[in-house]
Asker: 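Please find one structure pasted underneath; my questions will follow.
Since we're looking at a predicted model, the values are computed, not measured.
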Amino acid sequence: DTALKWSECQREIERLELELRTIDLETNEVLSHLENMNEYKVLYCRYIRRLSWTEIAEVTKYSQQHVFKLHHDGVRGCTKYMETVRRVWV
């Protein structure tokens, strides 16, 4: 019974890992359309590498305030791209 539960849990973990990899690929596809590489770097660190704001500031050598600005601008750029994609599919 324990082995069966463990096996079921393992299958669920594998399913979730596959789902997460798919989400990461889709996210990176959207991020790749950013023109500003600094915005890309911040969003990549946040949403693909899942780093904290402090870790992103350390990795990029930017202040947290600048990281927040790049994040804001990058999200705005991604939103514009997604609006363009939606118009094509509607």
Side-chain angles (χ1 to χ4, degrees):
D1 194 44
T2 301
L4 180 61
K5 286 181 183 177
W6 183 87
S7 179
E8 290 172 359
C9 288
Q10 186 62 34
R11 278 196 301 277
E12 179 66 5
I13 288 169
E14 290 169 1
R15 185 190 69 74
L16 291 171
E17 286 174 338
L18 178 60
E19 185 178 331
L20 187 56
R21 282 193 300 273
T22 302
I23 291 168
D24 286 348
L25 288 171
E26 292 171 354
T27 300
N28 198 46
E29 172 63 25
V30 172
L31 296 182
S32 72
H33 289 86
L34 288 172
E35 294 177 13
N36 184 312
M37 289 310 296
N38 295 326
E39 294 170 5
Y40 171 85
K41 189 185 318 181
V42 168
L43 271 65
Y44 182 88
C45 286
R46 185 67 178 172
Y47 297 110
I48 304 296
R49 293 187 58 202
R50 294 169 186 77
L51 299 180
S52 69
W53 297 115
T54 302
E55 292 169 322
I56 295 169
E58 290 172 4
V59 167
T60 60
K61 307 288 190 243
Y62 300 139
S63 68
Q64 277 196 7
Q65 183 177 1
H66 191 58
V67 166
F68 293 144
K69 181 190 180 324
L70 288 170
H71 178 269
H72 174 79
D73 293 345
V75 168
R76 200 167 26 169
C78 289
T79 301
K80 286 180 184 177
Y81 168 72
M82 292 303 296
E83 288 171 353
T84 302
V85 171
R86 280 190 204 108
R87 271 182 261 161
V88 170
W89 289 101
V90 172

Asker: Just jot down the side-chain hydrogen bond (donor to acceptor under 3.5 Å, both in side chains) partners of Ser7, sequence neighbours excluded, or say none.
Answerer: Arg11

Asker: Report the residues that fulfil side-chain hydrogen bond (donor to acceptor under 3.5 Å, both in side chains) with Gln65, sequence neighbours left out, ordered by chain and then residue number.
Answerer: none

Asker: How would you list, by chain and number, every residue that makes a side-chain hydrogen bond (donor to acceptor under 3.5 Å, both in side chains) with Glu58, sequence neighbours excluded?
Answerer: none

Asker: Would you say that Arg46 contacts Leu51 through its side chain, given a criterion of any heavy-atom pair below 4.5 Å between the two side chains?
Answerer: no

Asker: Search all heavy atoms of Tyr47 against all heavy atoms of His71 and return the closest pair with its distance.
Answerer: OH-NE2, 2.6 Å

Asker: Give me each pair satisfying salt bridge (Lys or Arg N to Asp or Glu O under 4.0 Å) with a member in residues 22-39, each pair once, sequence neighbours excluded.
Answerer: Asp24-Arg50

Asker: Holding to salt bridge (Lys or Arg N to Asp or Glu O under 4.0 Å), I want the full list of residues that pass it with Lys61, two or more places apart in sequence or in another chain.
Answerer: none

Asker: State which residues pass salt bridge (Lys or Arg N to Asp or Glu O under 4.0 Å) with Glu8; sequence neighbours excluded, sorted by chain then number.
Answerer: none

Asker: Check the hydrophobic clustering (I, L, V, M, F, W, Y; side-chain heavy atoms under 4.5 Å; chains of links allowed) and say if Trp53 and Val59 are grouped together.
Answerer: yes

Asker: Among residues at least two apart in sequence or on other chains, which ones pass salt bridge (Lys or Arg N to Asp or Glu O under 4.0 Å) with Arg21?
Answerer: none

Asker: Which residues pass the salt bridge (Lys or Arg N to Asp or Glu O under 4.0 Å) test with Asp73, sequence neighbours left out?
Answerer: Lys69, Arg76

Asker: Check this for me: does any side-chain nitrogen of one of Glu12 and Arg15 sit under 4.0 Å from a carboxylate oxygen of the other?
Answerer: yes

Asker: So which heavy atom on Leu43 is nearest to which on Gly74, and how close?
Answerer: CD2-C, 3.8 Å

Asker: Does Asn28 have any side-chain contact (heavy atoms from CB on, under 4.5 Å) partners at least two apart in sequence or in another chain, and if so, which?
Answerer: Leu31, Tyr40, Tyr44, Ile48

Asker: What about Leu70 and Val75, same hydrophobic cluster or not, with Ile/Leu/Val/Met/Phe/Trp/Tyr joined at side-chain heavy-atom distances under 4.5 Å?
Answerer: yes

Asker: With sequence neighbours excluded, what pairs up with Thr22 under the side-chain hydrogen bond (donor to acceptor under 3.5 Å, both in side chains) test?
Answerer: none

Asker: Of all heavy-atom pairs between Ala57 and Val67, which one has the smallest distance, and what is that distance?
Answerer: CA-CG2, 3.8 Å

Asker: Would you indicate whether the side-chain heavy atoms of His66 and Thr60 approach each other to under 4.5 Å?
Answerer: no

Asker: With ring-ring contact (aromatic ring centres under 6.0 Å, His included) as the rule and sequence neighbours excluded, what pairs involving residues 6-25 come up?
Answerer: none

Asker: Among all residues two or more places apart in sequence or in another chain, which pass the ring-ring contact (aromatic ring centres under 6.0 Å, His included) test with His72?
Answerer: none

